[in-house]
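Shown next, in structure tokens, is the structure this report addresses.
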Amino acid sequence: MRRLFWCLLSLSILAAPAAAAKKPPPEVPLHVHFLDSEGYAVTDLQPDEVKVLQGTRELEVRRVLGPDEPFDIGLVLDVSPSVETYVDAIRDETSRLFHSTRPRDQGMILTFDSRIYVDCDWTDDRREIDEAIFELGLHKGGDSSVIYDALAVSLEAKFWERGPRQLLIFFSDGVETGSEDTKEEESLEVARRSGVLTYVIQYDPRPHYLRLHRGAMYDPTWEPPPGTTGTSVGGIFVGSGRPSRTDRAGYMVGRMFDRAVQYLRKVAESGRGEYHMMLEPSDLASIYRRILTDLEHLSTVTIDPTPGQGIQGVTIETTRPGVTAQLLTKGFWPH
């Protein structure tokens with residue numbers, strides 16, 4: 001019953017972006033590390049000690065939120081068939097990740113294949129988060145991956161207006177095969193405008209697709225795994241010419257993977273975060289540690305949105321002697 005409830009909810013949130021996109025966020029977040037002369041974090045700056053500049057024009061600072069202020073951390077995970085190799089590592093390390101966050105940090109887990117599922121809505125209850133993590137990959141059977149839709153829906157329906165300190169961990173193979181409501185550039189525009197700090201983790205889908213198509217080519221008794229068609233590689237049909245089947249499949253998978261990498265790098269850039277590649281399940285622990293280290297001393301400066309001015313580059317300065325600012329957010333995207 002609980003699963004049915006969340007599946008129905010996932011359908012209802014698909015209608016949310018159109019309405020949400022018309023309303024700008026109450027304040028624009030700029031994520032920054034303030035460091036002293038020895039490179040240690042400065043955590044007690046006040047708004048009157050911080051200057052935000054747009055060219056030569058100084059913008060009014062509304063708030064300076066130090067590293068002790070809570071973060072909303074949302075995991076959006078691709079559970080299409082190519083994730084199977086990594087599910088155990090994702091369960092184990094994601095549980096450790098959320099248990100390493102602070103008690104006031106809230107978590108959310110959303111998964112997607114051909115549909116979008118809210119597995120755990122925002123909560124600070126680690127037991128609820130662990131329950132959702134345990135069930136990752138156990139109930140999904142979609143044969144496609146709605147990556148563009150999932151990115152846009154998660155940002156606009158689940159992150160919108162929750163506050164300025166928000167982190168999205170977007171976890172996918174990057175192979176888009178099913179989005180109907182969102183195009184590639186539209187999904188990137190949502191990431192740019194959202195103000196949500198976005199870290200991308202890409203798992204390597206190439207072994208899955210090569211196994212899939214080589215099996216179909218050479219074994220007459222072979223049947224495709226549940227949730228796959230066995231006829232295409234990321235939406236590209238693999239031809240039937242016998243002399244070069246292996247080479248053709250490898251070439252197609254390579255091209256598919258290159259496109260996936262390019263897109264997910266753009267997602268990380270649009271979300272002012274980082275891109276990470278997980279080639280082996282053991283890579284995930286160090287990737288999560290890197291993300292937590294980045295958050296550990298991260299401050300957030302907020303300013304008012306500026307309607308109608310498009311993408312604007314900003315810089316941050318401090319009036320406190322010996323303190324410098326390393327700005328993660330290179331610009332802001334007013335509505």
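Quick note: residue numbers are just sequence positions, from 1.
Within the model, atoms CD of E176 and CG of L264 stand 10.5 Å from one another, a figure rounded to the nearest 0.5 Å. Between the OH atom in Y86 and the CD atom in E93 there is a gap of 14.5 Å [rounded to 0.5 Å].
Scanning all heavy atoms of the two residues, the minimum distance from S114 to V146 falls at O-CG1, 3.8 Å.
A side-chain N or O of Q106 and one of R162 form a donor-acceptor pair less than 3.5 Å apart. With no hydrogens or angles considered, no side-chain donor-acceptor pair links D283 and H276 at under 3.5 Å. T302 and R62 share no donor-acceptor pair across their side chains, judged by distance under 3.5 Å alone. Side-chain polar atoms of Y203 and T85 form no donor-acceptor pair below 3.5 angstrom. A donor and an acceptor atom, one from each side chain of S172 and D78, are located under 3.5 Å apart. Checked by atom type, the side-chain pair Q262/R265 shows no donor-acceptor distance below 3.5 Å.
Just one of Y148, F257, Y275, F170 meets the ring-ring contact (aromatic ring centres under 6.0 Å, His included) condition when paired with Y263; it is Y148.
With sequence neighbours left out, the side-chain contact (heavy atoms from CB on, under 4.5 Å) criterion links L292 to L97, S100, T101. Annotation: side-chain contact (heavy atoms from CB on, under 4.5 Å) contacts of V190 (sequence neighbours excluded): A152, L155, E156. Qualifying salt bridge (charged side-chain N to carboxylate O under 4.0 Å, His left out) partners for R104, counting only residues two or more places apart in sequence or in other chains: none. The side-chain contact (heavy atoms from CB on, under 4.5 Å) check on D44 picks up V42, R320, with sequence neighbours excluded. Residues meeting the side-chain contact (heavy atoms from CB on, under 4.5 Å) test with T315, sequence neighbours left out: L53. Every residue was checked against the salt bridge (charged side-chain N to carboxylate O under 4.0 Å, His left out) condition with E69, not counting sequence neighbours, and none meets it.
No salt bridge links R126 with D130; every basic N to acidic carboxylate O contact stays at or beyond 4.0 Å.
Surrounding CD of E180 are at most 12 heavy atoms belonging to other residues, nucleotides or ligands under 6.0 Å away.
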